[in-house]
Each structure stands twice: as structure tokens, then as C-alpha cells.
Student: 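Before we start, here is the structure in question, set down as C-alpha cells.
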Amino acid sequence: MDAERDREIIRLWNELRRLQREGRPTALLVRRIEKALAEREQEAA
């Protein structure tokens, strides 16, 4: 499960970088990344 979650975070991060390069809005994606990281941290605790 941890590897799957890590892959999802990496996928979201890469999508964020792509949107930034294209000059498109990224706020929603940043929130999704923050949520995924928070969930991963909660599971680790």
C-alpha cells in the first residue's frame, strides 16, 4: 500500500510540474498532493 501511495504522489507531482510549465492553474492539484501526503503521514504514525 505504501508503494502504491508513493507512486500516486509522484504521479500527482509530475502532473503539477507539467501544469506549471504550461502556465495552467495548479491550486487544486497542490491540495490533492497535500492531502495525499497527510494521509501517508497519518498511516505512518
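Values reported hereafter were calculated over all heavy atoms of this structure, with side chains retained and with hydrogens, waters and symmetry mates removed. Note that this is a predicted model, so its numbers are computed, not measured.
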Student: Is the closest basic N to carboxylate O distance between Glu8 and Arg5 below 4.0 Å?
Tutor: no

Student: Applying salt bridge (Lys or Arg N to Asp or Glu O under 4.0 Å), can you list everything that pairs with Arg7, at least two apart in sequence or on another chain?
Tutor: none

Student: Would you check if Thr26 and Glu15 make a side-chain contact, meaning some heavy-atom pair closer than 4.5 Å?
Tutor: no

Student: With clusters built from Ile, Leu, Val, Met, Phe, Trp and Tyr whose side-chain heavy atoms come within less than 4.5 Å, directly or transitively, what are the remaining members of the cluster of Trp13, listed by chain and number?
Tutor: Ile9, Leu12, Leu16, Leu19, Leu29, Val30, Ile33, Leu37

Student: Listed by chain and number, what are the side-chain hydrogen bond (donor to acceptor under 3.5 Å, both in side chains) partners of Glu34, not counting sequence neighbours?
Tutor: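 Testing Glu34 for side-chain hydrogen bond (donor to acceptor under 3.5 Å, both in side chains), a comparison that skips the adjacent residues, returns none.
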
Student: What residues, two or more places apart in sequence or in another chain, satisfy salt bridge (Lys or Arg N to Asp or Glu O under 4.0 Å) together with Glu22?
Tutor: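 Result, salt bridge (Lys or Arg N to Asp or Glu O under 4.0 Å) vs Glu22: Arg18, Arg24.
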
Student: Please identify each residue that fulfils side-chain hydrogen bond (donor to acceptor under 3.5 Å, both in side chains) with Arg40, with sequence neighbours left out.
Tutor: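 Asp6.
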
Student: Check the surroundings of atom CZ in Arg17: do more than 12 heavy atoms from other residues, nucleotides or ligands lie under 6.0 Å from it?
Tutor: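 No.
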
